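Some notes on the structure that comes next.
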Amino acid sequence: MEIDSLYTQVVLAHNSSKRNRRHLEHQSAVVQGVNPSCGDEISLELDISEDQVIRDVSFVGTGCAISQASASIMADLVRGKTVSEAKNLSDLFFQMIRGGAIDPSLLEATVFSSMASLPARVKCAALGWRTLEKALAEGESKSQ
Amino acid sequence: MSSNPYIRDFPIFGESSLVYLDSAATSQKPSLVIEAMQGYYRSSNANPHRGLYALSSEATRLYEKGRGDFARFINAPDPSQVVFLRNATEALNLLAYSYALNTLKPGDEVVIPISEHHCNLVPWQQVCKKTGASLVYLYLDANGNIEGEEIGKKITGKTKIVSFAQVGNVMGIELPTARLIAKAHEVGAVAIVDCTQSICHMQVDVQALDCDFAVFSAHKMFGPTGVGMLYGKKEFLEALPPFLTGGDMIEYVSEQEATFADVPQRLEAGTQDVAGVVGLSAAIAYMQGIGYPAIQELEDRLTAYCLQRFSALPWITVYGKAAEGAGRFPLITFAVDGIHPHDVATLLDAEGIAIRAGHHCAQPLMHYLGVGSTCRVSFSVYNTIKDIDRLIVALVHARRVFGYGD
């Protein structure tokens with residue numbers, strides 16, 4: 001694969017952007033995600049309303065450009081979505097990075113479609129989404 | 001230098017343009033080793049130490065020849081002082097579980113440098129937890145060395161085991177080996193040396209070192225994966241109870257009791273990796289064919305050249321600096337400003353350059369250095385100045401991809 005198709009302006013801009021890298025005033029969930037073998041780590045913060053809408057999402061953390069940019073792009077994608085819409089996007093993302101279809105609703109996250117040919121880096125791109133899934137699953141078990 | 005005579009010994013390079021800069025993780029294998037192992041399976045394969053037929057005797061002979069070859073290579077007094085295991089990690093676990101677990105008491109201390117690979121850290125940590133002993137760390141100075149004062153302060157009458165890598169896999173410099181072993185013995189502690197990184201670059205003489213145990217991995221010295229070596233002083237090895245039990249390590253077995261064979265067989269349960277040991281013999285022959293002086297000359301030139309090229313790049317930070325008179329090994333750990341090591345490795349991989357990036361199985365050291373992860377290049381006899389030139393070009397390209405100027 002052409003490596004420049006991964007380290008695009010979109011990825012580099014999200015990697016260095018501070019927009020989604022902050023703490024939320026209202027946190028309904030704070031969940032840690034780590035890739036132990038890399039040392040990548042993020043703390044994902046969510047503000048989910050009573051009617052299951054993700055009002056805001058942010059993260060803080062350290063790691064490679066792929067892990068940090070992917071988390072930031074994920075934050076942009078799921079902000080304003082319902083929990084079930086966010087879960088659907090997550091499913092589409094994981095399907096894509098495993099070499100499946102590239103769904104246009106993933107918008108900027110489609111840049112990570114090339115991860116399917118970079119097995120060593122799949123977990124980097126997945127970190128934000130995996131942490132989101134953990135947060136949503138914990139939220140669900142709490143509300144039951 | 002443009003015509004490195006050793007590259008053609010390594011089929012992996014063939015016609016490819018691979019730049020392999022991760023020999024500290026595992027070395028590439030010369031044809032001599034690959035063919036020796038293939039030859040064993042083609043014409044000598046049988047289960048050693050058992051069959052009463054010629055083929056099994058031949059397998060036994062080759063296996064024991066490997067023991068003798070390695071014993072001579074490290075100047076062990078007797079082949080029976082070499083135990084074959086899977087790797088250095090297994091050798092250290094054997095020492096932790098067979099020796100330390102049976103001897104440590106609450107209040108005792110195990111001393112290791114903070115720079116240790118997880119293989120020489122986690123087994124001691126776990127055994128200390130089980131026995132109530134404490135794991136004490138020797139901290140490094142700013143250059144990655146251990147000062148005499150630190151040694152005097154940490155290795156005390158409470159110390160029962162001192163275990164350390166002669167050359168660390170992150171800093172690439174030789175620790176004060178003689179001093180650590182002498183201090184361990186002065187306080188009555190057992191001295192264990194991990195020679196995994198050192199033996200591919202320097203002569204290891206276990207009698208001159210006077211260590212009580214030493215561990216090695218064949219795959220870091222041009223041999224195959226799956227073969228590790230434990231050397232021990234006779235009286236120490238003989239005191240070790242079996243680690244794994246089963247076939248090949250027994251003397252006599254009844255329904256409820258068993259007596260065990262003498263060392264080394266007592267510590268080698270089950271059918272051993274004969275082909276791997278045959279490969280080790282070939283790897284030793286390969287290294288002896290080149291000789292340490294030639295290996296060191298080539299590697300020193302590569303290391304000095306790489307450090308010189310790095311020093312001209314203000315956005316590269318190199319970790320570790322050898323003490324005056326101590327060896328600098330062909331292993332350089334560094335960071336690239338503004339680019340995470342994993343992104344560096346991916347961008348270099350796209351150019352056909354293999355480097356290591358991450359915590360190098362030394363998380364406590366990374367924490368101590370205040371870095372999450374780093375990049376590492378390491379060299380061997382098949383590397384060239386051209387490889388380093390390509391590395392530099394690729395690093396400059398990586399910086400450009402990330403939007404930095406030169």
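Lettering follows sequence order; numbering is per chain, from 1. As the structure is a computational prediction, the values presented were derived from the model and not from experiment.
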Under a 4.5 Å heavy-atom cutoff, which of A:C124, A:G63, A:C64, A:A120 has the most pairs with chain B?
A:C64
Can you tell me which portion of B:H397 sits under 4.5 Å from chain A's heavy atoms? Options are side chain, backbone, both or neither.
side chain
Which atoms of B:E351 approach chain A - backbone, side chain, both or neither, heavy atom under 4.5 Å
neither
Does the side chain of B:H340 come within less than 4.5 Å of A:N15's, by heavy atoms?
no
At a heavy-atom separation under 4.5 Å, does A:I66 approach chain B through its side chain, its backbone, both, or neither?
both
Compare every heavy atom of B:T346 with every heavy atom of A:L118, then report the nearest pair and how far apart it is.
CD1-CG2, 4.1 Å
Which pair of non-hydrogen atoms, one from A:R121 and one from B:H342, has the smallest distance, and what is that distance?
NH1-O, 2.8 Å
Tell me whether the count of non-hydrogen atoms from other residues, nucleotides or ligands lying under 6.0 Å of CG in A:L107 goes above 12.
yes
Enclosure of B:R309 CZ (heavy-atom neighbours >12, cutoff 6.0 Å)
yes
